[in-house]
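Before any comments, here is the structure.
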Amino acid sequence: MIAVRGLTVHLGGHTVLDGVDLDLPDGGVVAVTGPNGCGKTTLGRVLLGLVEPADGSVRGLGGARAAVFQEDRLCEHLDAVANVRLVLPHDVGAAEVTAELRALGLTADALGRPVRDLSGGQRRRVAIARALLAEADLVVLDEPFTGIDAAGRDQVLARVAQSCAGRTVLLITHDQDDALRLGATVVDLPRAQASDDDGRRRA
């Protein structure tokens with residue numbers, strides 16, 4: 001289990017997270033929801049090792065980590081398969097990557113085009129595939145389904161649920177419906193200004 005205790009983060013002179021406690025059970029999905037600016041993304045970035053907290057601790061955080069960020073973070077001139085393979089071991093071949101992209105609903109004609117020519121939903125599928133194929137013990141998904149059309153959302157959700165089974169997942173989302181469909185435990189994260197009586201906010 002990953003145990004977050006008393007996590008406090010200051011960014012740009014502001015307290016973004018203030019004494020947050022959170023448990024992520026091994027192999028479970030926890031969805032963090034809450035208003036804009038409450039620190040959801042910052043929490044994910046702490047778990048990924050991208051932000052250093054001012055106080056508190058994170059225990060049980062070991063092994064490889066993968067993420068879908070709010071930005072796709074793709075190499076614009078490369079095609080979908082090449083973008084995914086960039087972050088994977090050399091023994092993961094193009095056929096395996098192609099199969100994952102197709103399972104997420106990327107069309108055959110989109111596979112060979114530079115990602116700069118893809119739609120927002122297609123680009124999102126590439127970013128998701130990259131995280132799903134990574135050999136990661138922890139997967140952080142930050143608003144992963146943004147830009148995916150309603151018709152394709154069910155397919156993507158089902159594939160994410162299947163691929164993340166047995167892995168620890170932190171889902172950052174405004175959509176509790178998506179969280180419930182992934183079988184997540186939903187935790188609401190209030191803004192840092194709202195603290196309980198002992199000055200610590202519990203998630």
Side-chain angles (χ1 to χ4, degrees), residues 29-45 47-48 50-51 64-136 138-165 167 169-184 186:
V29 182
V30 172
V32 175
T33 65
N36 288 334
C38 71
K40 301 185 298 295
T41 292
T42 300
L43 174 62
R45 289 172 65 83
L47 295 180
L48 291 167
L50 301 174
V51 170
R65 287 160 270 184
V68 175
F69 296 96
Q70 288 188 27
E71 317 83 26
D72 296 321
R73 300 192 179 191
L74 303 175
C75 293
E76 299 288 325
H77 64 288
L78 297 178
D79 64 28
V81 175
N83 261 281
V84 176
R85 292 189 72 191
L86 270 179
V87 299
L88 299 178
H90 293 302
D91 59 352
V92 179
E96 184 177 349
V97 173
T98 297
E100 183 65 42
L101 289 166
R102 295 303 305 276
L104 286 165
L106 199 70
T107 58
D109 67 295
L111 289 172
R113 282 191 274 151
V115 296
R116 63 171 173 262
D117 297 334
L118 301 183
S119 69
Q122 290 171 327
R123 292 167 60 92
R124 209 67 185 139
R125 287 170 169 85
V126 178
I128 292 171
R130 188 173 53 190
L132 296 184
L133 283 172
E135 292 291 334
L138 169 66
V139 181
V140 176
L141 305 173
D142 193 352
E143 300 289 357
F145 309 116
T146 301
I148 295 177
D149 57 282
R153 206 176 183 92
D154 288 346
Q155 181 179 5
V156 174
L157 275 160
R159 185 60 182 177
V160 169
Q162 180 183 18
S163 295
C164 286
R167 293 198 272 186
V169 177
L170 176 69
L171 172 66
I172 298 164
T173 184
H174 285 93
D175 195 326
Q176 291 204 17
D177 220 26
D178 289 344
L180 295 175
R181 290 172 67 184
L182 289 179
V186 179

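On a predicted model such as this, the values are computed, not experimentally measured, just so you know.
Here the CG atom belonging to Leu182 is positioned 10.5 Å from the CG atom belonging to Asp177, to the nearest 0.5 angstrom. Taking NE2 of His174 as the reference point, atom CG of Asn36 lies at 4.0 Å (rounded to 0.5 Å). Here Phe145 contributes atom CZ and Ile128 contributes atom CD1; the two are 5.5 Å apart, rounded to the nearest 0.5 Å. Atom OG1 of Thr98 is separated from atom CG of Leu106 by 9.5 Å, given to the nearest 0.5 angstrom. Put simply, CD on Gln155 and CG on Leu104 are 7.5 Å apart, with the number rounded to the nearest 0.5 Å. The CD1 atom of Ile172 sits 8.0 Å away from the NZ atom of Lys40 when rounded to the nearest 0.5 Å.
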Run the numbers on Leu86 and Cys75 for side chain to side chain contact (heavy atoms under 4.5 Å, CB included), then give the verdict. CA-CA 9 Å; Leu86 270 179; Cys75 293; 3.6 Å; yes
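Smallest separation of non-hydrogen atoms from Val186 and Ala179: CG2-CB, 3.9 Å. Nearest heavy-atom pair across Arg124 and Asp142 is NH2-O, 3.3 Å. Across every non-hydrogen atom of Ala31 and Ala184, the tightest pair is CB-CB, 3.8 Å. Shown here for Cys164 and Val169, the closest heavy-atom pair between the two residues is CB-CG2, 3.7 Å. Nearest heavy atom pair, residue Ala127 against residue Val68, reads O-CG2, 3.7 Å.
Within a 6.0 Å radius of CD in Glu135, no more than 12 heavy atoms belonging to other residues, nucleotides or ligands are found.
Ionic pairing of Arg153 and Asp178 is present here: one or more N-O contacts between side-chain nitrogen and carboxylate oxygen are shorter than 4.0 angstrom.
Under the salt bridge (Lys or Arg N to Asp or Glu O under 4.0 Å) criterion, Asp117 pairs with no residue at all, not counting sequence neighbours. With sequence neighbours excluded, no residue satisfies salt bridge (Lys or Arg N to Asp or Glu O under 4.0 Å) with Glu143. Annotation: salt bridge (Lys or Arg N to Asp or Glu O under 4.0 Å) contacts of Arg167 (sequence neighbours excluded): none. When the salt bridge (Lys or Arg N to Asp or Glu O under 4.0 Å) test is applied to Arg181, the partners found at least two apart in sequence or on another chain are Asp154.
Put simply, the side chain of Pro144 does not reach to within 4.5 Å of the side chain of Val160, judged on heavy atoms. Side-chain contact between Asp72 and Val126 is absent, with no heavy atoms from C-beta onward closer than 4.5 Å. For the pair Gln70 and Thr146, the minimum side-chain heavy-atom distance is 4.5 Å or more. Proximity of Arg45 to Val140: side-chain heavy atoms (C-beta onward) are nowhere separated by under 4.5 Å.
Residue pairs meeting the side-chain hydrogen bond (donor to acceptor under 3.5 Å, both in side chains) criterion with at least one member in residues 74-87, sequence neighbours excluded, are Glu76-Arg123. Within the structure, salt bridge (Lys or Arg N to Asp or Glu O under 4.0 Å) contacts touching residues 96-106 (residues at least two apart or in different chains) are Glu100-Arg159.
The closest donor-acceptor contact from the side chain of Arg65 to the backbone of Ala136 lies at 3.5 Å or more, if one exists at all. Under a 3.5 Å cut-off, the side chain of Arg125 and the backbone N or O of Gly121 do form a donor-acceptor pair. The main-chain N or O of Ser119 is found under 3.5 Å from a side-chain atom of Gln122 such that the two form a donor-acceptor pair.
No side-chain donor-acceptor contact under 3.5 Å links Thr173 and Asp175.
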